[in-house]
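This report concerns only the one structure given below.
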Number of protein chains: 2
Amino acid sequence: MDKNHNKKLKRRATLFDVAKLSGVSTGTISRILNNHHSVSEESRKKVEEAIKKLNYVPLSAARSLAKGVSNTIMLSIIEENPILPSTWRYELPVVQGIYDYLKKTSYNLQIGISFVEEAQKSKFFENLIKDKYIDGLLILGSWPINYRSLLYLEDRSIPYVLIGCKSTVPTRVEINFDNHGAIVQVIDYLVQLGHTKFALIGGFADQLHMVDRANGFRDALTKRNLRIYENLIKFGDYQIESGYQLMLGLFNEYPKPTAIICGNDFMAAGVIKAIHDKGYKVPEDISVVGFDDNEVAKVISPPLTTIRVPVFEMGSLAVEKLCTMVQSNRKLKEITILPCETIIRSSTGKSKEK
Amino acid sequence: MDKNHNKKLKRRATLFDVAKLSGVSTGTISRILNNHHSVSEESRKKVEEAIKKLNYVPLSAARSLAKGVSNTIMLSIIEENPILPSTWRYELPVVQGIYDYLKKTSYNLQIGISFVEEAQKSKFFENLIKDKYIDGLLILGSWPINYRSLLYLEDRSIPYVLIGCKSTVPTRVEINFDNHGAIVQVIDYLVQLGHTKFALIGGFADQLHMVDRANGFRDALTKRNLRIYENLIKFGDYQIESGYQLMLGLFNEYPKPTAIICGNDFMAAGVIKAIHDKGYKVPEDISVVGFDDNEVAKVISPPLTTIRVPVFEMGSLAVEKLCTMVQSNRKLKEITILPCETIIRSSTGKSKEK
DNA sequence: TTGTAGGCGTTATCAC
DNA sequence: GTGATAACGCCTACAA
C-alpha cells in the first residue's frame with residue numbers, strides 16, 4: 001500500500017506518457033528508440049523532446065520480455081578454495097577488461113563466483129543460470145571444466161566463452177595465454193646465459209596453466225637436447241612457504257640446478273629465501289624465474305625476472321567474441337592463445353658453469 | 001526467422017505449459033511458486049511434478065515486470081586511474097563478500113566499474129543506472145562521493161550503501177573500516193616500545209582513508225603529549241617508488257624519526273629500501289609500519305608490521321544492510337566502522353633512543 | 001510514415 | 001482453494 005503509494009507519486013515515465021506528451025503513438029516512439037528506418041524528422045523531434053522532458057528511460061525488463069533477449073552477459077568466476085592472493089590478482093584485471101568493452105555497449109554484466117569443487121559438478125552451469133536470464137556466458141577459471149555442464153549450454157544454445165580454462169572435450173571459443181611458449185622462451189634466454197641444468201618448482205600439478213608450463217619446460221629442454229632431470233621437477237601450491245620447502249628439498253638432489261623456473265612469483269620468493277638461507281646467491285649461484293609479474297616481483301631482492309600475462313586483453317577479447325556470437329546468433333569455434341612477455345630483472349644471470 | 005525457429009524447437013517451458021500438464025490454472029501455480037498460503041496439498045504435488053518434468057523455470061524478466069522489482073543489486077566500483085595494484089587487491093575480497101551473501105538469496109549481482117573522475121560528476125549515478133533496472137546499489141570506492149549524484153538516488157528512492165567511502169554530506173548507510181583507530185593503536189604500540197619521534201609517509205593526501213589516518217596520527221600523538229613534526233609528514237601515491245623517494249627526503253629533515261607509519265605496504269617496502277640504501281637497519285635504527293597486510297608484507301625483509309583491513313566482512317555486511325532496506329522498503333541511517341587488526345612482524349622494534 | 005492491437009511470461013485481483 | 005483475466009511496459013506485425 002505504502003509502497004504503491006510511493007511509486008505513484010513519482011512513477012517513472014512510460015512509453016504512454018511519452019506518447020501522450022508528444023502526440024504520436026507508442027509504435028512510432030518505439031521505432032525511434034530502436035533506430036528503425038522510416039520515421040519522419042518531425043515526429044522524431046517531438047518525441048525526443050518529450051523523452052527529455054519526462055526523463056524517460058525504457059524499462060529493461062519490459063524490453064527483454066518483448067524482444068526475447070536479456071541484454072545481459074554473465075561472468076562466472078571459478079576460484080580455487082581457499083582463494084589465493086595470486087588468484088585474486090589475476091581475476092580483477094580480466095573483469096576490468098570485460099567491463100571496459102561492455103560499457104561501450106548496452107549490455108549489462110552480471111557476475112557469479114563459485115569454487116572449483118562446485119564447478120566440477122555436472123549440473124553446475126544449469127544451476128547457476130537456470131533462474132537467470134542471460135544472453136551469453138563468460139567462464140573464467142584455471143581448472144578443467146566438466147564438459148557435461150557445457151552440454152547444458154549447447155543444448156540451450158547459450159553462447160559461451162572460456163577464459164583461461166578449457167574442457168576435457170574440445171570446446172568452442174577459448175581465450176588463453178601462452179603458458180607453453182612463455183616457458184620455452186624463458187628457457188631459451190637462460191640457455192643463452194649458459195644454463196644447462198634446470199629445475200621446475202611449479203604450482204598445482206594438475207591446474208591447466210601448470211600442465212602447459214610443465215610441458216613447455218620439457219619441450220624446451222628436449223628441443224635443445226638438454227637432459228630433463230625428473231628429480232628436479234616438483235610441484236607445490238603457489239604459496240611462498242611451498243616454494244621455500246621445495247627448494248630446500250632440491251638441495252638434496254643431484255645434479256644441482258643452476259636455474260629454477262617457478263610456478264609464480266610467490267613461490268619464487270620462497271625459493272630465493274631458501275637459496276639465501278643455504279648461503280648461496282641469486283643470481284650468481286642460481287638463477288630464479290617467477291611467473292605473473294606480481295607486484296612482489298619488484299619488491300623482493302633481487303628483483304625478479306618473471307613473465308607477464310596479458311590479463312586485461314584476455315578479458316576484453318573474450319567479451320568481444322561473445323558479443324559477436326550473441327548478436328550474430330552464430331556459433332564460432334576458435335581458440336586464441338595470447339603471447340606473454342618475459343620481464344628480465346636481476347634474479348637471472350650467467351651460469352657460473354659456463 | 002532462423003532464430004525463432006530455433007527457439008520454437010526447444011522453447012523453454014512457460015507457466016501455461018505447466019498449467020496444461022498439471023491440470024491446474026496458472027494462478028495456482030504462481031501461488032505455489034511464491035509460497036502463498038492457501039493451496040491444497042494435492043495441486044501442489046501435481047504442479048511440482050509438472051515443473052520437474054518440464055524443467056520449468058520462471059523467466060526473471062517477466063517476473064520483474066509483473067512484480068515491479070528487478071531482483072538485482074548493482075555494485076558500482078569506483079577506481080583510481082591509473083589503477084593501482086593495491087586497489088585491485090582491496091576490491092575483489094569485497095566483491096567476494098558481497099557475492100557470498102547474495103548467493104544465499106535470489107538476488108543477482110550486476111557490476112559496473114568506473115574511474116574516480118567520472119564518478120565525481122554530478123550525474124554519475126543517473127547515467128550509470130538510468131537504463132538499468134535495479135533494486136539497490138552498492139558503492140565501493142575510496143574517494144569522496146559527489147552528494148549531488150546521491151540525490152538522484154534519494155529522489156528515486158533507490159536504496160544504496162556506501163562501502164569504504166562517504167559523501168561530503170552525511171549519507172544514509174555506510175560501511176567503513178577504522179582508519180583512525182588503526183593508526184592510534186599502532187602508535188600506542190610503538191610508544192610502548194619507546195618511540196617518540198614519528199613520521200608519516202602517506203598515500204594520496206585527500207583520499208578518504210588517508211585523511212582519517214593522518215588525523216589518527218595527529219590525534220594519537222596529541223593524546224600522548226608527543227610533538228607532531230609537520231616536516232615529517234609527507235604524502236605520495238601509494239607506490240613503492242614514492243615511498244622510496246619520500247624516505248630519502250626525510251633523511252634531510254630534523255629530527256630523525258625512529259618510527260615511520262606508511263600509507264600502505266608498497267610504500268613501506270620503498271621506505272625500507274631507502275633506509276637500507278642509506279646504511280641503516282630496520283627495525284634496529286628505524287621501525288616501519290605498513291597498511292593493508294598485502295602479500296608483499298610477508299615477502300620483504302624484514303617482514304612487515306602492518307594493519308589488516310576486514311575487507312570481506314565489509315562486503316557482506318554492506319549487502320546485508322542493503323537487502324534489508326530493499327525488502328523492508330525502509331530507509332536506514334547508520335554508519336558502521338569495522339575494527340582493523342594490527343599484525344606485528346619484524347619491521348618494528350624498540351626505539352634505540354629509549 | 002504512422003497508429004492499432006496482440007503478445008512476451010508472470011503476478012495479482014477478483015469473483016466463485 | 002481455485003480459475004479467469006487484467007495488468008506490467010515494451011515491441012512488432014499488420015493495416016491504413
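The model shown is predicted, which means the values in this text are computed figures rather than measured ones.
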Exercise. With the threshold set at 4.0 Å, does a side-chain nitrogen-carboxylate oxygen contact exist between B/Glu334 and B/Arg172?
Worked result: no
Problem set entry | Close residues, residues 57-65 of chain B, relative to DNA chain D [heavy-atom separation under 4.0 Å] | B/Leu65
Exercise. Are OP1 or OP2 of C/dC8 and a side-chain N or O of A/Tyr133 less than 4.0 angstrom apart?
Worked result: no
Problem set entry | Atom pair distance, as rounded to whole Å: CG in A/Leu15 and P in D/dC10 | 5 Å
Exercise. Roughly, in whole Å, what's the span from CG in A/Asn71 to P in C/dC8?
Worked result: 20 Å
Exercise. Does a side-chain heavy-atom distance below 4.5 Å link A/Asn81 with A/Val116?
Worked result: no
Seminar exercise, completed: Which of D/dC10, D/dG3, C/dT4 is nearest the side chain of A/Ser25? It is C/dT4
Problem set entry | From C/dA5, D/dG3, C/dT11, nucleotide with atom closest to A/Thr26 side chain | C/dA5
Exercise. C/dC8 P sits how many Å from B/Arg12 CZ, rounded?
Worked result: 14 Å
For this session: Decide yes or no for B/Met314 and B/Leu140: does some side-chain heavy atom of the first lie under 4.5 Å from some side-chain heavy atom of the second?
Result: no
Problem set entry | B/Val24 vs B/Val47 side-chain heavy atoms within contact, under 4.5 Å | yes
For this session: Mind listing the residues from residues 28-45 of chain A sitting with a heavy atom below 4.0 Å of DNA chain D? Number order is fine.
Result: A/Ser30, A/Arg31, A/Asn34, A/His36
Exercise. Per the side chain to side chain contact (heavy atoms under 4.5 Å, CB included) rule, which among B/Leu153, B/Leu162, B/Leu322 passes with B/Leu137?
Worked result: B/Leu153
Exercise. Is the shortest heavy-atom distance from the side chain of A/Phe312 to the side chain of A/Gln96 under 4.5 Å?
Worked result: yes
Exercise. Roughly, in whole Å, what's the span from NZ in B/Lys67 to P in D/dA6?
Worked result: 22 Å
Problem set entry | B/Lys20 NZ - C/dG9 P separation (whole Å) | 12 Å
Problem set entry | Student check: side-chain heavy atoms of B/Lys132 and B/Gln110 closer than 4.5 Å | yes
For this session: Quick one: pull up CD in A/Glu126 and OG in A/Ser149 and give me the separation to the nearest 0.5 Å.
Result: 10.0 Å
Seminar exercise, completed: Rounding to 0.5 Å, atoms CG (A/Leu138) and CD1 (A/Ile111) come to a distance of 11.5 Å
